[in-house]
Amino acid sequence: MWQPNKLEKERVEKVERLEAQGVEAFPRRVQRTHTCAAAIAAYEALEPTDSEAAQGIEVTVCGRIRRANLKGKIAFLHIEDESGRVQLMLRVNDMDEASFALIGEKLVDNDDFVQASGTMMRTKAGEVSVHAREFRLLAKSLSPLPVIKQQTLDDGTVVEHGEFTDVESRYRQRYADLAVNADVRDVFRKRARILKAVRNFFDDEGFLEVETPILQPLYGGAAARPFITHHNQLDQDLFLRISFELYLKRLLVGGYDAVYELGRDFRNEGVSFKHNTEFTMLEFYKAYIDYHEVARLTERFVAAAAMEANGTLQINYQGKAIDFTPPWKRITMREAIREACGIDYMDYPEAAALEAVIRAKKIEVKPGLPWGKLVEHLLGEAVEPNLIQPTFIMDYPRQISPFAKRVDYDDTHVERWEMYMAGMEMANAFTELNDPRDQEARFLDMAKVFREGDDDEVPLDEDYLRAMRYGMPPNGGFGMGMDRLVMLLTNQRSIRDVLLYPHLRHEK
RNA sequence: GGCCCUGUAGCUCAGUGGCAGAGCACCCGCCUUUUAAGCGGAGUGUCGUAGGUUCGAAUCCUACCAGGGUCACCA
């Protein structure tokens, strides 16, 4: 139940006064001939050659009042639409009584949406403005937005005075955050462009964009705990997907050579600056390529997204220079770990011995982890934070990679890489396992290593094996959290700043 | 879940045991080319919530709520 504060009560009273005068505070009909930016552009285009004609340009503009300078019998308002801001000059002599009454009786406030008609002009102070003849209210704002004043310095830079920075309020009331923070609006425009660039890339490469179930009777394709929900009529528990992998690879059995999906994954685990409960994943699978070719595709599509976002392959992310120019560094996991901490994990084929030597290097580790998890932990502790430039870490332990083909040089590793940037894990790819007998053995191996209820539990998916037995072409597959890519390309420190509505606790 | 920090006006913040404060916003008055407009007047409040200590609590203590950071967990 809304409990209006003093400021809000004042605005409600203004609405009541307007309505008592027969003025609609929320009228149905609106007119607009120009956006704010278009009105200014039309004037500036004509002014140098024919300033008289420029002064005659008739416009009707709409927007939200962002600054009001009421000077008695003249008023200057800045209104803002998505294109930008334009100033209105409202002079009592030049307007009908009803239009100016809104100003004179202070019935409009900052944040109201208004419409103004008049001719373009340049004020004595030099600002291109709409010299308003008619002025009307389009929508009253009952709750004031946070006040941010802008000052344009001589060199043209805009300084903002007053801020809206409280993170909880900004995330819970994203609408208010967006309404007052233009740079936040820009982040989400750029996010849209990045995702569109990714789609365009894969469309142009001949991939088919598909949609697979979000509600799944069995989850899989990644090591994560799922959310569980329930279908009432069927009396069936369902999982929210943790990956798209197994459904997408079934499509290769079906005869599509290359598919991708850009959609939401859900993982029931902790949140952090780089984890949100639900996040946007890109996965693609392509027949007749291996993980080396997947890496080359990755370099190309990330570069395309970077160009679309910033027009350059060199970015600054939180003070770190990052260069997306292909080719990126490739190094085996074994070599990367040996370089970073001097441990050759192949010297310690038993988990207990590997755990002991990790501890001897003063790296903390949870006791009793399986061998493959120890290797992964070592990578995360010793190597990952230093992987600033885009880097492919090649050849992962088979024990923690149930969907990747073995390498040809030993039985311990598989053809899998993970790609890192800015010290963050960004992507994961394999030469996909397509031998149903091997796949079944991997499922059974996983069941031995990870018990039911473990975070890493990989349930055996009989239908996936059935699909694979019809014959699956050799293929390379890929998955990447797109939010993290957007973080890099928009220079945002937290995943919450690239999600319009990040996950928060219940509001009390 | 552990630990640390934070919560005071619409916004951003100061106040750390003795009258609840500042800037901007809002309100009243003046102002017909302003632009962080200006001048004059007015402080608008559940000091996150509930207890406790104290003559006296925004301030100290406890619990809780919310947020952030970090660790654990985890693409």
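Chain letters run A, B, ... following the sequence lines, proteins first and then strands; every chain starts at 1. For the numbers below, each heavy atom of this structure counts, side chains included, while hydrogens, waters and symmetry mates do not.
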Tell me the interatomic distance from A:Phe164, atom CZ, to B:C13, atom P, rounded to whole angstroms.
12 Å

Looking for any heavy atom pair under 4.0 Å, which part of the strands does A:Arg67 touch: base, sugar-phosphate only, or nothing?
base

From CG of A:Leu7 over to P of B:C28, roughly how many Å is that when rounded to an integer?
12 Å

For B:G1, which nucleotide in any strand shown is its Watson-Crick or wobble partner with both distances under 3.5 Å?
B:C71

May I ask you to verify if any side-chain N or O of A:Lys14 is less than 4.0 angstrom from the OP1 or OP2 atom of B:C27?
yes

Contact class for A:Asn5 (heavy atom, under 4.0 Å): base, sugar-phosphate, or nothing?
sugar-phosphate

If pairing requires Watson-Crick or G-U wobble contacts with both distances under 3.5 Å, which nucleotide is the partner of B:A66?
B:U6

Can you say whether a donor on the side chain of A:His161 sits under 3.5 Å from an acceptor on the base of B:C24, or the other way round?
no

Classify A:Leu145 by what it touches in the nucleic acid, base, sugar-phosphate, or nothing, heavy-atom distance under 4.0 Å.
nothing

Counting only side-chain N and O atoms of A:Arg170, is one of them less than 4.0 Å from OP1 or OP2 of B:G67?
no

Side-chain touch A:Met281/A:Glu261, heavy atoms, less than 4.5 angstrom:
no

If B:C47 has a Watson-Crick or G-U wobble mate with both distances under 3.5 Å, name it; if not, just say none.
none

Starting at CG of A:Leu90 and ending at C1' of B:U32, how long is that distance when rounded to a whole Å?
12 Å

Length of the CG-P vector between A:Asp166 and B:U12, whole Å
6 Å

Does a sphere of radius 6.0 Å around CZ in A:Arg493 hold more than 12 heavy atoms from other residues, nucleotides or ligands, not counting ones at 6.0 Å or beyond?
no

Where does the angle between the aromatic ring planes of A:Trp417 and A:Phe392 fall among parallel (under 30°), tilted (30 to 60°) and perpendicular (over 60°)?
perpendicular

Among A:Arg67, A:Lys140, A:Arg66, the one residue meeting salt bridge (charged side-chain N to carboxylate O under 4.0 Å, His left out) with A:Asp109:
A:Lys140

Which one is paired to B:C26, where only Watson-Crick or G-U wobble pairs with both distances under 3.5 angstrom count?
none

Given B:C74, B:U34, B:A66, the nucleotide with the shortest approach to the side chain of A:His275
B:C74

A:Arg172, nearest nucleotide to its side chain (from B:C73, B:A66, B:U32):
B:A66

Rounded distance in Å between the P positions of B:G21 and B:G2:
39 Å

Among A:His131, A:Glu127, A:Glu47, side-chain hydrogen bond (donor to acceptor under 3.5 Å, both in side chains) partner for A:Arg122
A:Glu47

Expressed as a whole number of angstroms, how long is the span from A:Phe100:CZ to B:U32:C1'?
8 Å

For B:U12, does OP1 or OP2 lie under 4.0 Å from any side-chain N or O of A:Thr165?
yes

At 4.0 Å (heavy atoms only), tell me whether A:Val92 reaches a base, stays on the sugar-phosphate, or touches nothing.
base

Aromatic ring proximity A:Tyr345/A:His413, centre distance under 6.0 Å:
yes

Expressed in whole Å, how much space separates the P atoms belonging to B:C3 and B:C64?
11 Å

chi for B:U16 classified (syn = within 90 degrees of 0, anti otherwise) as syn

Counting any heavy atom closer than 4.0 Å, what does A:Lys274 reach on the DNA or RNA strands: base, sugar-phosphate only, or nothing?
nothing

Taking only side-chain N and O atoms of A:Asn110, does any of them lie within less than 4.0 angstrom of OP1 or OP2 on B:C26?
yes

Taking the side chain as C-beta and beyond, is there a heavy-atom pair between A:Val407 and A:Arg398 under 4.5 Å?
no

Please state how far atom CD in A:Glu160 lies from atom P in B:C11, giving the value in whole angstrom units.
17 Å

Using whole Å, report how far CG of A:Asn93 lies from P of B:U33.
11 Å

B:U33 OP1/OP2 closer than 4.0 Å to side-chain N/O of A:Lys73
no

B:G29 versus B:G17 - spacing of their P atoms, nearest Å:
43 Å

Sugar-phosphate, base or nothing in reach of A:Ala427, heavy atoms under 4.0 Å:
base

Report yes if a side-chain nitrogen or oxygen of A:Lys149 is closer than 4.0 Å to either non-bridging phosphate oxygen (OP1 or OP2) of B:A25; otherwise report no.
yes

Touch class at under 4.0 angstrom, heavy-atom based, for A:Glu8 against every strand present:
nothing

Measure the distance from CD1 on A:Ile74 to P on B:U32 and round it to the nearest whole Å.
9 Å

Taking pairing as Watson-Crick or G-U wobble with both contacts under 3.5 Å, can you name the mate of B:A58, or confirm there isn't one?
none

Look through every strand shown and name the nucleotide pairing with B:U35 as Watson-Crick or G-U wobble, where both distances are under 3.5 Å.
none

Please pick, from B:G69, B:C74, B:A25, the nucleotide with the shortest atom-to-atom distance to any side-chain atom of A:Ala224.
B:C74

Across every strand shown, the nucleotide meeting Watson-Crick or G-U wobble geometry with B:A20 (both distances under 3.5 Å) is none

With rounding to whole Å, what would you report as the distance between B:A20 and B:A63 at their P atoms?
29 Å

If you measure from the Lys or Arg side-chain nitrogens to the Asp or Glu carboxylate oxygens, is any gap between A:Asp445 and A:Arg442 under 4.0 Å?
no

Just call it for A:Glu127: base, sugar-phosphate, or nothing, with non-hydrogen atoms closer than 4.0 Å on any strand.
base

